[in-house]
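Keep in mind that the numbers below use all heavy atoms, side chains included, and drop hydrogens, waters and symmetry copies. In the text below, chain A, chain B and the rest are named by the order of the sequence lines, each starting its count at 1.
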Amino acid sequence: MRILPRKFYNRNTVQVAKDLLGKTLVRKTGKQKLTGIIIETEAYKGKNDPASHASKKKTNRNKVMFGQVGWSYVYFTYGMHYCFNVVAKNDKDLSGAVLIRSIQPRLGIKTMIKNRKIDVISNLVNGPAKLTQAMRITLEQYHVDLTKDSDLFIMDGIKPAKILAKPRIGITEGVDKLWNFSFKI
DNA sequence: TCGCAGATTGCCT
DNA sequence: GGCAATCTGCGAA
């Protein structure tokens, strides 16, 4: 398997969100290696997308969404949760990112369970904040290059059979857009 | 099984 | 000062 090249992310944000399904997320913590297949994503553009952090203006928090594609965007919210995004946009768009909502654990499941302090597999990574907790993603992973072999990157994976498109979750504006993508393994 | 409220911190207005 | 791309536990049905 190969690491996804930067040009993979240099396309329409919605298209990248779809194509990220089935790809492998790799997280290295010391000697431990945690991997998982991405099974749910959401697309957030900048302009004309009221639900996006970057819809209004560039701030210190969301500036990564305006920067280089293929870099991580981690943000802290609700006082206790982190969410993990990948910056992806074509040349026309000023900003955009794909939220990784859910994965299917492959390597290091035991470590993930330990990180989450629970023992129910079905409850391990079925949500963006649970995913970051299980994989130990924090603000230290804010602005990491995902196209390089480091602590955190994304590799090629499997091909999803059937992609489902739904409204995005947890937002109050822009709910008419079917930019939540998932598939069944 | 479903729906609601609390937790808790940093960012923006 | 108010709110957020969420999760969990609790109470009701």
Please table the atom pairs, donor to acceptor, closer than 3.5 Å between any side-chain atom in residues 76-85 of chain A and protein atoms at least two apart or in another chain.
unit_1, atom_1, unit_2, atom_2, d
A:Asn85, ND2, A:Tyr73, O, 3.1

- Query: So what is the 5' to 3' dot-bracket string for DNA chain C, if pairs are Watson-Crick or G-U wobble with both distances under 3.5 Å, crossing pairs use [ ] and | means the partner sits on another strand?
  - Reply: ||||.|||||||.

- Message: Main chain of A:Met135, side chain of A:Arg27: is a donor-acceptor contact present, judged purely on distance under 3.5 Å?
- Response: yes

- Message: Using whole Å, what does the distance between atom P of nucleotide C:dA5 and atom CD of A:Glu40 come to?
- Response: 16 Å

- Residue pairs passing the ring-ring contact (aromatic ring centres under 6.0 Å, His included) test with at least one member in residues 109-156 of chain A, sequence neighbours excluded, are A:Trp71-A:His143

- Test side-chain hydrogen bond (donor to acceptor under 3.5 Å, both in side chains) applied to A:Asp145 - qualifying residues, sequence neighbours left out: A:Arg6, A:Thr147

- Provide the full list of ring-ring contact (aromatic ring centres under 6.0 Å, His included) pairs with a residue in residues 97-118 of chain A, sequence neighbours left out, each pair given once. none

- Considering all heavy atoms of both residues, which atom of A:Leu107 and which atom of A:Met112 are nearest to each other, and what is their separation? O-CE, 3.5 Å

- Query: If you measure only the distance, is there a donor-acceptor pair under 3.5 Å linking the side chains of A:Gln141 and A:Ser72?
  - Reply: no

- Query: What residue pairs, at least two apart or across chains, pass salt bridge (charged side-chain N to carboxylate O under 4.0 Å, His left out) with a residue in residues 109-136 of chain A?
  - Reply: none

- Can A:Arg2 and A:Asp156 be counted as an ion pair, charged N to O under 4.0 angstrom? yes

List every contact pair, protein side and nucleotides 11-13 of chain B side both N or O, where the distance is under 3.5 Å.
unit_1, atom_1, unit_2, atom_2, d
B:dC12, OP1, A:Thr59, OG1, 2.4

Filtered N/O pairs between nucleotides 6-10 of chain C and protein, under 3.5 Å:
unit_1, atom_1, unit_2, atom_2, d
C:dT6, OP2, A:Gly170, O, 2.9
C:dT6, O2, A:His81, NE2, 2.8
C:dC7, OP1, A:Pro128, N, 3.2
C:dC7, OP1, A:Ala129, N, 3.3
C:dC7, O4', A:His81, NE2, 3.2
C:dT8, OP1, A:Arg116, NH1, 3.3
C:dT8, OP1, A:Arg116, NH2, 2.8
C:dT8, OP2, A:Lys130, NZ, 2.9

- Main-chain N/O of A:Ile37 paired with A:Thr24 side-chain donor or acceptor, under 3.5 Å: no

Output a table of donor-acceptor pairs, distance under 3.5 Å, between side-chain atoms of residues 171-185 of chain A and any protein atom two or more places apart or on a different chain; print 'none' if there are none.
unit_1, atom_1, unit_2, atom_2, d
A:Asn180, ND2, A:Glu40, OE2, 3.0
A:Asn180, ND2, A:Glu42, OE2, 2.9

- Query: Which salt bridge (charged side-chain N to carboxylate O under 4.0 Å, His left out) pairs, counting each pair once, include a residue from residues 47-61 of chain A, with sequence neighbours left out?
  - Reply: A:Asp49-A:Arg168

- Message: Give me each pair satisfying ring-ring contact (aromatic ring centres under 6.0 Å, His included) with a member in residues 6-59 of chain A, each pair once, sequence neighbours excluded.
- Response: A:His53-A:Tyr75

- Message: I need the residues from residues 17-27 of chain A with at least one non-hydrogen atom less than 4.0 Å from DNA chain B; give them sorted by number, or say none.
- Response: none

- Query: Tell me: NE2 of A:His53 to P of C:dA4, nearest whole Å?
  - Reply: 10 Å

